[in-house]
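See structure below.
Side chains are part of it too, since the values below use all heavy atoms of this structure and drop only hydrogens, waters and symmetry mates. Just so you know, ligand 1 is whichever comes first in the structure, and atom 1 is the first atom listed for that ligand.
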Amino acid sequence: MIYAIGELLTEFVSHKTGCGLESTTEFSGPFPSGAPAIFADQVARVGGQVSMIGTVGDDPFGRLILHRLSSDGVDTSLVGTSASLTTGTAFVSYYADGSRVFVFHLEGTAADNIDAPTDLPEGSLLHISGASLGNSKIRAAIHYLVGNVRAICRISYDPNIRAELLGDRKAKSTIDMLIDHCDYFLPSDADVETLFPGKSAEWVIEDQLASGKRAVVVKQGDQGVVASDGNTTLRLPAVPVDELDPTGAGDCFCGAFLGLLDQGWRFEDALRAANIAGAMHVSKRGPMEWNPALADIQKRLAPQEG
Ligand code: ATP
Ligand code: MG
């Protein structure tokens, strides 16, 4: 079983680019969102067994998230429902150059009021999205759970690092602990630049494998991915698509990759499938609206293999 822990949100996306959330405009949403939720949903979409740890409010947004996750196959028995707090929300608007502005409501909502279990079944895989570490309450819940289970579970870590977090002593100690103790290290190119200034993706892969990781995967956006499990090293170019919405591609990629590995797929096959999943994700809009099903990934995989 794979476990994901962190913020559960509903997201609203402005129709108009360039409004910067500073003028009145029309929005689409609410969409179920939150990096760990996008990840968990994608694990389920490729047929993996996954359970989400987080909290929603006893309100329509909470019911929307619970309904989407469970109808896609995510176990929601560890998602708490707060009677008094509302579901976390995020608003996002894009600019013409693809950059974006967010307004998050996480603090003091159900999203950062996580009642994490003290333990997980031996042999499980616990996935951490670094996006969650910016919130001190969620970070504390993650630090505690990882500390409790790291001897008996595998840990995967996608840093999604924000440089300012490295200046926060407590956040830095959680980040260091996750880098040291994760079994699957899944940074993006930008994470590599921030965490290992001046080092190449290949250097980080070698360095981290030498310190005992099962696999290191460097996600490179429209350049694809470079990765190794110590036996096989692969560099895959990106699958050509028109990028419409890059948000959540990394979470989708990690969900497909780990979801398939956990079902016994070979490293290189899981990586190829995840590279396709990430490309399919960016070609449509919405945080998890277009998390691809395994059958749709396989349709693209077959011609590549032939
Ligand atoms: P996030 O914004 O979710 O944190 P990330 O930086 O962690 O994303 P990316 O490298 O942007 O992750 O994307 C993950 C994977 O998705 C890439 O390694 C690649 O396989 C695929 N991907 C991302 N962008 C594109 C693109 N423009 N074209 C094709 N594939 C893409
Ligand atoms: Mg990322």
Check this for me: [X], atom [atom1], are more than 12 non-hydrogen atoms of other residues, nucleotides or ligands nearer than 6.0 Å?
X	atom1	value
Glu268	CD	yes
Glu107	CD	no
Glu26	CD	no
Arg285	CZ	no
Gln49	CD	no
Asp115	CG	no

Looking only at N/O atoms, are [X] and ligand 1 under 3.5 Å apart anywhere?
X	value
Gly221	yes
Gly250	yes
Ala238	no
Asn160	yes

Can you tell whether the side chains of Lys137 and Glu7 come within less than 4.0 Å, N to carboxylate O? no

SB check Asp229 Lys213 (cutoff 4.0 Å): no

Contacting atoms of ligand 1, where contact means under 4.0 angstrom from a heavy atom of [X]:
X	value
Gly248	3 (O)
Asn275	19 (C), 20 (O)
Ala279	21 (C), 29 (C), 30 (N)
Ala249	3 (O), 13 (O), 14 (C)
Asp222	24 (N), 25 (C), 26 (C), 27 (N)
Gly278	16 (O), 21 (C)
Val241	28 (N), 29 (C)
Gly224	17 (C), 18 (O)

For ligand 1, does Val282 get within less than 4.0 Å through its side chain, its backbone, both, or neither, judged by non-hydrogen atoms? side chain

Within the 4.0 Å heavy-atom cut-off, what His281 brings close to ligand 1 is neither

Option whose closest heavy atom lies nearest to atom 29 (C) of ligand 1, chosen from Asp189, Val239, Ile38: Val239

Nearest heavy atom to atom 7 (O) of ligand 1: which of Gln223, Glu243, Arg272, Lys219 does it belong to? Lys219

Value rounded to 0.5 Å, distance of CD1 in Ile175 from CG in Leu133: 6.0 Å

To the nearest 0.5 Å, atom CG of Asp75 lies from atom OH of Tyr3 at 7.5 Å

